[in-house]
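Note: hydrogens, waters and symmetry copies are ignored here, and every other heavy atom, side chains too, is used.
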Amino acid sequence: MAPEANSFSVVAPYYDELMRPVPYPMWVGYYLLLLSHQGVRPKRILDLCCGTGTMCELMVAEDFQMAGVDLSAPMIEAARRKAGKKKLKIRYEVGDASTFDMGETYEAVYSFFDSLNNITDPERFRMAIERAYAHVEPGGSFIFDLNTAYAFEAQLFDQENLRKTSKLRYKWVGDWNPETQLIQVSMKFWYGGAEFDEIHVQRAYDHAQVIEMLEDCGFEQIRAYHSYTLNPPRYKSDRIHYTAIKPADPRTG
């Protein structure tokens, strides 16, 4: 079983509370900006590593037809429950990013919130790109973001919120290994009277290697941005957004 299979399991019921500070509307706006720069106007979109579906719901509010896939069954259960309460027609499936098969294609696929960093095996990371390629229609868009080695070196994963007024309190400590390019984040949470732990592992992928993998999988018009901007990545970019297009006349075989 992949290491990431054990992540986002115990924390799943509290994930939305944990992500409450995330400016989701800003992420939606930035995604729409990147699509505009690609010249792609999708209607049907797949959220790869969709979590509990918050981004999908906001995209539905923007009049997109959404589907989501995630490795964590508890997260997908939460996403389906939320969509059901709001009577939103969103297809959610449990699936590994490197092997999933939705049985249909989409005009765009995205994967956000450094989800693909959780794939720690470079070959499986390549497979995830291949699966994204297989699910994008010709002329369609693939956009994703990655944490960089700089983010791990700068200890940006060392975070805590121990305020007594917070529903969910937590303390995270990252252990970065520059030789393996892996960071192990030990996470301790407190919610009400409960205390629980999770360990997440992420890999930093070399920028040139990511570009090469995208090209090898058949993507074209590949661009990279210092996240939340239209500027190129720089040495101290802690997150990079990548955009790519599946050619209108894709390779076969």
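With sequence neighbours left out, the ring pair (Phe, Tyr, Trp, His ring centres under 6.0 Å) criterion links Y106 to no other residue. Legend: residues meeting side-chain contact (heavy atoms from CB on, under 4.5 Å) with D175, ordered by chain and number and at least two apart, are absent. For Y228, the side chain to side chain donor-acceptor pair (under 3.5 Å) partners at least two apart in sequence or on another chain are R239. Checked against side chain to side chain donor-acceptor pair (under 3.5 Å), S237 has the following partners two or more places apart in sequence or in another chain: H226. Under the side chain to side chain donor-acceptor pair (under 3.5 Å) criterion, H135 pairs with no residue, sequence neighbours left out. Residues satisfying the side-chain contact (heavy atoms from CB on, under 4.5 Å) test with E212, not counting sequence neighbours, are D216. Y92 is linked by a side chain to side chain donor-acceptor pair (under 3.5 Å) to nothing, counting only residues two or more places apart in sequence or in another chain. Applying the ring pair (Phe, Tyr, Trp, His ring centres under 6.0 Å) rule to F125 yields the partners Y205; only residues at least two apart in sequence or on another chain are considered.
Looking at heavy atoms from C-beta onward, E104 lies in side-chain contact with R91 at the 4.5 angstrom threshold. Residues K82 and T54 are in side-chain contact: their nearest non-hydrogen atoms beyond the backbone lie under 4.5 Å apart. Using a 4.5 Å cut-off on side-chain heavy atoms (C-beta onward), Y242 and V210 make contact. Residues L71 and F100 fail the side-chain proximity criterion, which asks for heavy atoms closer than 4.5 Å. Using a 4.5 Å heavy-atom threshold, the side chains of R131 and T99 count as separate. The side-chain heavy atoms of R124 and D96, taken from C-beta on, include a pair separated by under 4.5 Å. Counting only heavy atoms from C-beta outward, the side chains of F219 and M213 never approach each other to under 4.5 Å.
The distance from the SG atom of C50 to the CE atom of M55 is 12.0 Å, given to the nearest 0.5 Å. Atom CG of N147 and atom OG of S115 lie 10.0 Å apart (nearest 0.5 Å). The distance from the OG1 atom of T120 to the NE2 atom of H200 is 12.5 Å, given to the nearest 0.5 Å. Atom-to-atom distance recorded for H241:NE2 and T243:OG1 is 10.0 Å, nearest 0.5 angstrom. Taken to the nearest 0.5 Å, the CE atom of M66 stands 5.0 Å off from the CD1 atom of I45. Remark: I90 CD1 to R80 CZ distance equals 12.0 Å, nearest 0.5 Å.
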Scan the side chains in residues 182-189 for donor-acceptor partners under 3.5 Å anywhere in the protein, sequence neighbours excluded, and list what turns up.
{"from": "K188", "atom 1": "NZ", "to": "E195", "atom 2": "OE2", "distance (Å)": "3.2"}
{"from": "K188", "atom 1": "NZ", "to": "D197", "atom 2": "OD1", "distance (Å)": "2.8"}

Distance-only donor-acceptor hits, side chain of residues 166-174, under 3.5 Å, sequence neighbours excluded:
{"from": "S166", "atom 1": "OG", "to": "N161", "atom 2": "OD1", "distance (Å)": "3.3"}
{"from": "S166", "atom 1": "OG", "to": "N161", "atom 2": "ND2", "distance (Å)": "3.2"}
{"from": "K171", "atom 1": "NZ", "to": "E160", "atom 2": "OE1", "distance (Å)": "2.9"}

Pairs under 3.5 angstrom only: tabulate donor-acceptor contacts from the side chains of residues 33-41 to other protein residues two or more places apart or in another chain.
{"from": "Q38", "atom 1": "OE1", "to": "S141", "atom 2": "OG", "distance (Å)": "2.6"}
{"from": "Q38", "atom 1": "NE2", "to": "A244", "atom 2": "O", "distance (Å)": "3.0"}

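Counting only distance, with no hydrogens or angles, the side chain of Q181 and the backbone of P178 share a donor-acceptor pair below 3.5 Å. Put simply, the side chain of D70 never gets that close to the backbone of I76: no donor and acceptor are under 3.5 Å apart. With hydrogens and angles disregarded, no donor-acceptor distance shorter than 3.5 Å links the side chain of R44 to the backbone of Q65. Of the possible polar contacts, none joining the R223 side chain to the P232 backbone as a donor-acceptor pair under 3.5 Å is found.
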Stepwise side-chain contact (heavy atoms from CB on, under 4.5 Å) check, N231 with Y225: CA-CA 5 Å; N231 301 322; Y225 301 97; over 6 Å; no
Check against side-chain contact (heavy atoms from CB on, under 4.5 Å), R203 and T180: CA-CA 8 Å; R203 173 181 288 276; T180 63; 5.6 Å; no
Check against side-chain contact (heavy atoms from CB on, under 4.5 Å), L214 and F144: CA-CA 11 Å; L214 287 165; F144 63 98; 3.9 Å; yes
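There is a side-chain donor-acceptor pair under 3.5 Å between D47 and Y110.
Checked against the 6.0 Å centroid criterion, the rings of Y24 and Y31 do not qualify as a close aromatic pair.
Sequence neighbours left out, the pairs with a member in residues 146-167 that pass ring pair (Phe, Tyr, Trp, His ring centres under 6.0 Å) are F152-F157, F152-W176.
No path of Ile, Leu, Val, Met, Phe, Trp and Tyr side chains, each step under 4.5 Å between heavy atoms, connects M127 with L48, placing them in separate hydrophobic clusters. No single ILVMFWY cluster, assembled from side-chain heavy atoms under 4.5 Å apart, contains both L156 and I240. Placement of F196 and L162 in two distinct hydrophobic clusters is found when ILVMFWY residues are connected by side-chain heavy-atom separations under 4.5 Å, directly or transitively.
T105 and A134 make their closest contact through CG2-O, 3.6 Å (heavy atoms, listed as atom of the first residue, atom of the second, distance). Smallest separation of non-hydrogen atoms from T52 and A78: CG2-CB, 3.9 Å. When all heavy atoms are compared, the tightest approach of P25 to L58 is N-CD1, 4.2 Å. Considering every non-hydrogen atom in both E220 and P247, the closest pair reads OE1-CB, 3.6 Å. Closest of all the heavy-atom pairs between A128 and I119 is CB-CD1, 3.8 Å. Here the closest heavy-atom approach between residue A224 and residue P233 is recorded as O-CD, 3.4 Å.
Between K246 and E137 there is no salt bridge, since no side-chain nitrogen of the basic residue lies less than 4.0 Å from a carboxylate oxygen of the acidic one. Taking the charged nitrogens against the carboxylate oxygens, K43 and D63 do have a contact shorter than 4.0 Å, which makes a salt bridge.
The aromatic rings of F112 and W27 sit tilted, their planes meeting at an angle between 30° and 60°.
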